[in-house]
Each structure stands twice: as structure tokens, then as C-alpha cells.
Amino acid sequence: MQTGKLIVLTGPSGVGKGTLVRLLLARHPELYLSISATTRSPRPGEIDEKDYYFVSKEQFEQMIREKKLLEWAEYAGNYYGTPRQKVEEQLASGHSVVLEIEVVGARKIKETFPQALRIFILPPSVSELERRLKRRGKDSEDAIACRLEQAKEELAASHEFDRQIVNDDLETALAEIEAAIFT
Ligand SMILES: Nc1ncnc2c1ncn2[C@@H]1O[C@H](COP(=O)(O)OP(=O)(O)OP(=O)(O)O)[C@@H](O)[C@H]1O
Ligand SMILES: Nc1nc2c(ncn2[C@@H]2O[C@H](COP(=O)(O)O)[C@@H](O)[C@H]2O)c(=O)[nH]1
């Protein structure tokens, strides 16, 4: 059986990766979305094992030592990583897998999966990114400032990825992602 495709969506926090991934999965339920592990505390409404595997720093560091993560990164003071086993199983059984991850982790994927399709999602502008982070209302003012600072570095790295898609109009961005994946 042919192995599935590994699809990575990356870009700054608040650009709309999660929104786009939810829409993509609703239209293409055959795609498998990897659930990440993180040491970040759950936000109100987030569910363990659905939104993330919420783990302690010790548990995360053990996962690193035991090579249970395909990639991991420290972002805004917390660890985030992709559990290896399910991704490898899904790919081996012919299913395409989607990772929604930040830029450092997306870079690392290139080393282990050079054939992965890595799509960078850009905001129409930094001021619109800030508006989205604020409107989302999930992070403190300090956390938003930290994410925006990080975003400037991340945006400068967009050319490293296979595709750059601007998430201005949601439907247009989604159609461009679909075209990149399925054609
Ligand atoms: N095209 C768009 N136009 C306007 N608002 C958008 C668009 N796409 C997403 N948003 C809004 O922007 C906010 C951030 O989106 P989302 O949470 O999907 O970002 P993200 O990139 O997944 O962030 P994080 O990396 O922190 O998880 C949400 O409130 C979402 O509804
Ligand atoms: N390198 C990885 N980055 C990940 C992973 N899962 C999520 N993320 C990214 O972290 C930031 C912050 O997420 P938030 O939920 O706190 O807003 C965001 O860019 C996510 O895409 C992962 O497994 N590895």
C-alpha cells in the first residue's frame, strides 16, 4: 500500500491555522489530524486528548528522551510536540496526516520527512494578526505581545517553506490549501 502524505501547516499564532484546519477536515474527513502534546495549561473549553495531550514538563521531557516525538519546540515558555507513533501508523496505512505546528518544529520536519508538504500561512498584515489575536480573546495582553514579537521572526522565515498562502479571505485561503494538497 502507498504511504500517506504528510502535510504541515505552519505560521504565526493567530493567523488562522486552526480555523483553516477545522474547515479542511470537515471537507476532507479522510485526513488525519495529529494531536500535539503540550505543557501549556488548557484554555477554558479545551479538552485533554482532543485539543492537546496536556502533560507536565517532566512528562514532556521523558517523551523527548524516549524519542516519542517526531518534532518538538519551546514556544512562548511552553513545550509543544508531535507524538510520533500515531503519525507513523497513519502514514504507513496510507492515510494523509496534517500537522498544525509552529515554525521551529516545521523546520525540523524537513529533516525527518523531506517529502512532506509544508505550507506557511501568512496574515494579510501584522496589524490584522494583532487584531485576530485580540479578538480571539484567549490569551493575556502579555502573551499576545510575546506571540506578536515571535510572529515577526516567523514571518521572516516564510520563504523556507514549500508554499506561502495568505489567509485574508478564509474561503480563498482554504481553496489554495486544497489545491496545494490535492493537485
Ligand atoms: N480569514 C480570516 N479572517 C478573519 N478572521 C480570521 C480568519 N481566519 C481566522 N480568523 C480568526 O482569527 C483568530 C485566530 O485564529 P486561529 O485560532 O485559527 O489561529 P491559529 O493560527 O490556529 O492560532 P494558534 O497558532 O495560536 O493556535 C480566530 O478568532 C479566528 O476566528
Ligand atoms: N512545534 C510544534 N508546535 C505546535 C505543536 N502543536 C501546536 N503548536 C503550535 O504552538 C503554537 C501555540 O499554540 P497555542 O495552542 O498555545 O496557541 C501555535 O503556533 C501552534 O500551531 C506541535 O506539536 N509542535
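Read the numbers this way: they start at 1 and go in the same order the structure lists the ligands and their atoms.
Heavy-atom proximity to K17, at under 4.0 Å, picks out these atoms of ligand 2: 19 (O), 21 (O). Below 4.0 Å from some heavy atom of S36 lie the following atoms of ligand 2, by number and element: 5 (C), 6 (N), 22 (C), 23 (O). Counting the atoms of ligand 2 from 1 in the order shown, those under 4.0 Å from a heavy atom of G81 are 22 (C), 23 (O), 24 (N). Interface atoms of ligand 2 facing R43, defined by a heavy-atom separation under 4.0 Å, are 14 (P), 15 (O), 16 (O), 17 (O). Interface atoms of ligand 2 facing T82, defined by a heavy-atom separation under 4.0 Å, are 23 (O).
For the atom pair CG of L33 and CG of L25, the computed distance is 5.5 Å after rounding to the nearest 0.5 Å.
Considering backbone and side-chain N/O of S13, none are found under 3.5 Å from N/O of ligand 2. At under 3.5 Å, not a single nitrogen or oxygen of W72, backbone or side chain, sits near a nitrogen or oxygen of ligand 2. An N or O contact shorter than 3.5 Å is missing between G11 and ligand 2 by distance. Some N or O of R40 is nearer than 3.5 Å to an N or O of ligand 2, by distance alone.
Side-chain atoms of K17 do not come within 3.5 Å of backbone N or O of I121 as any donor-acceptor pair. A distance-only check finds no donor-acceptor pair linking the side chain of K68 to the backbone of Q85 [under 3.5 Å]. Of the possible polar contacts, none joining the R132 side chain to the G16 backbone as a donor-acceptor pair under 3.5 Å is found. The closest donor-acceptor contact from the side chain of Q59 to the backbone of S56 lies under 3.5 Å. S96 places no side-chain N or O within donor-acceptor distance of the main-chain N or O of L31, the cut-off being under 3.5 Å.
Contact annotation: for K108 versus ligand 2, there are no heavy atoms closer than 4.0 Å. With a heavy-atom cut-off of 4.0 Å, Y75 touches ligand 2 through its side chain alone. Contact annotation for R147 and ligand 2: only side-chain heavy atoms (C-beta onward) come within less than 4.0 Å of the ligand.
Between T172 and the choices L170, D169, L174, the side chain to side chain contact (heavy atoms under 4.5 Å, CB included) rule is met once, by D169.
If you check which protein heavy atom lies closest to atom 9 (C) of ligand 2, you get E102 N, 3.6 Å. When hydrogens are left out, the protein atom nearest atom 24 (N) of ligand 2 is E71 OE2, 2.7 Å; that is the closest non-hydrogen contact. Ranking the protein heavy atoms by distance from atom 7 (C) of ligand 2 puts Y52 OH, 3.2 Å first.
Using cut-offs of 30° and 60° on the angle between ring planes, the pair F120 and F161 is tilted.
Ligand 2 lies nowhere less than 4.0 angstrom from a heavy atom belonging to K138.
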Report all N/O contacts between ligand 1 and the protein shorter than 3.5 Å as a table of atom names and distances to 0.1 Å; if there are none, say 'none'.
residue, atom, partner, partner atom, Å
ligand 1, 1 (N), N167, OD1, 2.9
ligand 1, 1 (N), D168, O, 2.8
ligand 1, 3 (N), R132, NH2, 3.2
ligand 1, 8 (N), N167, ND2, 3.1
ligand 1, 17 (O), R136, NH1, 2.8
ligand 1, 18 (O), G18, N, 3.4
ligand 1, 18 (O), T19, N, 2.8
ligand 1, 18 (O), T19, OG1, 2.5
ligand 1, 19 (O), G16, N, 3.1
ligand 1, 21 (O), G14, N, 3.4
ligand 1, 21 (O), V15, N, 3.3
ligand 1, 21 (O), G16, N, 3.0
ligand 1, 21 (O), K17, N, 2.9
ligand 1, 21 (O), K17, NZ, 3.0
ligand 1, 22 (O), G18, N, 2.7
ligand 1, 22 (O), E100, OE2, 3.4
ligand 1, 23 (O), G14, N, 2.9
ligand 1, 23 (O), R136, NH1, 2.9
ligand 1, 25 (O), K17, NZ, 2.7
ligand 1, 26 (O), S13, OG, 2.6
ligand 1, 26 (O), R136, NH1, 3.1
ligand 1, 26 (O), R136, NH2, 3.1
ligand 1, 26 (O), R147, NH1, 3.2

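Between D162 and A116, the shortest heavy-atom contact is OD2-O, 3.3 Å. A pairwise comparison of heavy atoms in D48 and F54 identifies OD1-N, 2.9 Å as the closest pair.
Counting only heavy atoms from C-beta outward, the side chains of F113 and V8 never approach each other to under 4.5 Å.
Heavy-atom contacts from other residues, nucleotides or ligands closer than 6.0 Å to CD of E141 number 12 or fewer.
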- Message: Determine whether F182 and H28 satisfy the following criterion, side chain to side chain contact (heavy atoms under 4.5 Å, CB included), listing intermediate values before the conclusion.
- Response: CA-CA 11 Å; F182 298 108; H28 303 280; 3.6 Å; yes
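No side-chain N or O of T38 forms a donor-acceptor pair with one of S36 less than 3.5 Å apart.
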